[in-house]
Peer 1: 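Dropping a structure here in structure tokens format, bear with me for questions.
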Amino acid sequence: MVATGVLSALGMLIVNAAEVPRISKSAAGGQLIVNGKPYLILGGELGNSSAGTASQADSILPQIAKMHVNTVLMPVAWEQIEAVEGRFDFSIVDHWIDVAREQRLHLVVLWFGSWKNGVSSYAPAWVKKDTKRFPRAVSGEGDELEILSTLGAETVKSDGRVFSELMKHIREKDQEQQTVLMAQVENEVGYLGRGRDRSEAANRLFRSAVPPDLVRKLQSRQDSFSPELRAHFNAAGKTWMEVFGDAADEVFMAWNYARTIEAVAAQGKKEYALPMYLNCQLPAPGEQAGEYPSGGPHPYYLEVYRVTAPTIDFYSPDSYWPNFEYWIDRYKFSGNAVFVPEARLESAPYNAFYAYGEAGAFGFSPFAIENLQGAADASGSGPTIKDVYEVLSSLSDVLLAHQLSDGTRGLLLHSNSPRATRTVALGDYLFEATLSRSWPAKTPLTDEGAMIIVQSSENEFYIAGTGLTVSFFRNPDVDTAVGRIESVEEVSRSNGNWSTLRRLNGDQTNQGRQLLMPAHQVRVYRVVLYATPRNVQGR
Ligand code: DGJ
């Protein structure tokens, strides 16, 4: 009896160990499941030239491991693993996996194959030099570009083959330990230049009818259309211009990239079914299609990707522009899982709170994380992403549990925000934040503040953040009561247990009125609120 129990327990362990990481989607968003449990990626992406040798792993990964990062996003370049056609060299990738294991880090591989930031600079020389076999996209002026055309059959075949070899190799080396969690297929694809690819093959295709299958699939999903696609889509048309109007060039490119990537990704997934995603270079303010990679997986025409590339598990924004909230919110749609593979390192300590708390992201990852080594932040006054990750890693089990029930919120505030206050609602309360100020002079102590709020019970909230002063109100949509502070404690969490560091009151809560966070450190608080009936007297 006992022996059978032990055997079946062992059996369970073996089954669990072999379960490949996967994305689980629900109405609340998406989570990454690793070894059967939700996993919060506290990520960092390496700079483009930081993972090209084995020795870089030895110097870089131990430094990153000290930053409370748990997952490193690393480029793997086609030119590196198939410098000679048909001969695959995974020695550098293997060394990175070995060192990551020693440092207790996970990896996400970024496949720099046919396209990286729109261009094809990571293709091996034998691909770059043979423009007949691997045709280029052509500009409006008739020039061959440094961009492989999506319509090169040999390009798709060769890219698909090397990507499938890579995934096969990772499966063979890593499926038991699962150091590698996911793969990004290509990097920020899209056509750079006016209009679209003008190669003969592309012109021919553009002049023929939009594939009826694409129109039919889109027609059946009009409920999920972005406003931009809705404004342009005319199912009654035949040509690309008739069906997509002014957006025809961009949608044409989106469809071509989507089907090419689907062919590459599907070959890789057949070998090892890790979650696969695409990242997107978003338009800088005022940029037009072609200035940003046109036809990339950006939110306007993303539905074209979703119906064309079923192998792709989710779509991700790379975030470098000031309107972080706007862009990440556009990736928070039904059926997607929010993950930010690239974000500006300088703003990351603040934006991370919004990503995990408000957008329900399962991961966030500042770009060129290795540049943080030893430094505070660019201005010399923290917090850094290291400070934020230190706190968030202690809270990750709490965050993951409450993300699922829509029990988290996040908020960002900048000195140049249009309003001096920002408010979020959670449970029966409103949380109104302003940037922290000195007392009594009331001079601003910081230009930026951010927080994440987790509701742990009806009146109890954990708040982690920096640089904000928070006032609490009863949500008038709930009832007419007044919301007040019962208690505020500064707390910490270690191995799943809470400890109280300080009970805050008096000057430290503005005499029981507010939560006051320091400007340059990240702190965690347990705030208990209560509601009392509003009694209007003496009228
Ligand atoms: C976005 C790209 O995806 C990255 O590889 C890198 O080039 C950054 N832009 C810019 O540093």
Side-chain angles (χ1 to χ4, degrees), residues 41 43-53 56 60 64 69 71-81 92-93 96 107-123 145-148 159 163 166 182-192 253-254 257 261 264-265 276-285 287 289-299 302 305 312 314-324 327-328 330-331 338-348 351 355 361 363-373 375 377-378 385:
I41 291 188
E45 178 160 330
L46 296 173
N48 297 160
S49 306
S50 294
T53 66
Q56 282 172 303
I60 291 176
I64 294 182
V69 166
T71 305
V72 173
L73 282 65
M74 63 166 291
V76 176
W78 188 0
E79 63 176 359
Q80 172 196 315
I81 63 174
I92 295 176
V93 178
W96 276 79
L107 296 171
V108 171
V109 292
L110 312 174
W111 174 235
F112 287 9
S114 293
W115 299 283
K116 194 279 179 191
N117 293 44
V119 296
S120 302
S121 56
Y122 281 86
L145 301 167
E146 280 288 337
I147 303 174
L148 288 163
D159 193 342
F163 184 61
L166 172 66
M182 312 196 289
Q184 176 189 292
V185 190
E186 314 290 346
N187 188 83
E188 293 193 348
V189 299
Y191 175 79
L192 287 169
M253 291 315 302
Y257 280 106
I261 288 172
V264 171
M276 292 186 184
Y277 71 95
L278 304 186
N279 65 332
C280 176
Q281 179 176 330
L282 295 164
E287 259 182 359
E291 293 170 336
Y292 64 87
S294 174
H298 64 71
L302 196 54
Y305 276 84
I312 299 303
F314 61 93
Y315 296 90
S316 289
D318 287 348
S319 164
Y320 291 89
W321 313 131
N323 39 0
F324 180 80
W327 285 117
I328 194 169
R330 290 212 60 172
Y331 282 80
V338 178
F339 174 65
V340 183
E342 293 183 39
R344 263 174 70 90
L345 191 55
E346 295 78 9
S347 337
N351 291 343
F364 176 84
S365 165
F367 182 74
I369 186 83
E370 70 278 19
N371 291 346
L372 193 76
Q373 286 179 30
D377 69 355
I385 191 67

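Counting begins at 1 with the first residue of the sequence. Both ligands and their constituent atoms are indexed starting at 1 by order of listing.
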Peer 1: Please confirm whether Lys116 comes within less than 3.5 Å of ligand 1 when only nitrogen or oxygen atoms on both sides are compared.
Peer 2: yes
Peer 1: Identify the two heavy atoms, one from Phe364 and one from Ala355, that lie closest to each other, and give their separation to 0.1 Å.
Peer 2: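 Minimum heavy-atom contact is CD1-CB, 3.7 Å.
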Peer 1: Hey, what's the ring geometry for Tyr277 with Phe339, parallel, tilted or perpendicular (30° and 60° as the breaks)?
Peer 2: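 Judged by the thresholds at 30° and 60°, the geometry between Tyr277 and Phe339 is perpendicular.
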Peer 1: Only heavy atoms of Glu188, strictly under 4.0 Å: list the atoms of ligand 1 that pass.
Peer 2: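 Heavy-atom distances to Glu188 below 4.0 Å select 1 (C), 2 (C), 3 (O).
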Peer 1: Distance under 4.0 Å to a non-hydrogen atom of Asp318: what atoms of ligand 1 satisfy this?
Peer 2: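 That gives atoms 3 (O) of ligand 1.
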Peer 1: How long is the span from the OG atom in Ser50 to the CG atom in Asn371, to the nearest 0.5 Å?
Peer 2: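 Separation between the atoms: 7.0 Å.
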Peer 1: So for atom CD, which belongs to Glu146, do other residues, nucleotides or ligands contribute more than 12 heavy atoms lying within a distance under 6.0 Å?
Peer 2: no
Peer 1: Start with the C-alpha distance between Asp318 and Leu282, add both sets of side-chain angles, then the distance that settles side chain to side chain contact (heavy atoms under 4.5 Å, CB included), and finish with yes or no.
Peer 2: CA-CA 7 Å; Asp318 287 348; Leu282 295 164; 5.9 Å; no
Peer 1: Who's the nearest protein heavy-atom neighbour of atom 4 (C) of ligand 1, and how far?
Peer 2: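 Residue, atom and distance for the closest contact: Glu342 OE1, 3.3 Å.
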Peer 1: Give the numbers and elements of all ligand 1 atoms closer than 4.0 Å to a heavy atom of Asn187.
Peer 2: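 So the answer, numbered in order with elements, is 2 (C), 3 (O), 5 (O).
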Peer 1: Nearest protein heavy atom to atom 6 (C) of ligand 1, by residue and atom, and its distance?
Peer 2: Phe367 CZ, 3.5 Å
Peer 1: Could you walk me through whether Asn48 and Phe112 pass side chain to side chain contact (heavy atoms under 4.5 Å, CB included), step by step?
Peer 2: CA-CA 10 Å; Asn48 297 160; Phe112 287 9; 4.0 Å; yes
Peer 1: What protein heavy atom sits nearest atom 8 (C) of ligand 1, and how far off is it?
Peer 2: Tyr320 OH, 3.6 Å
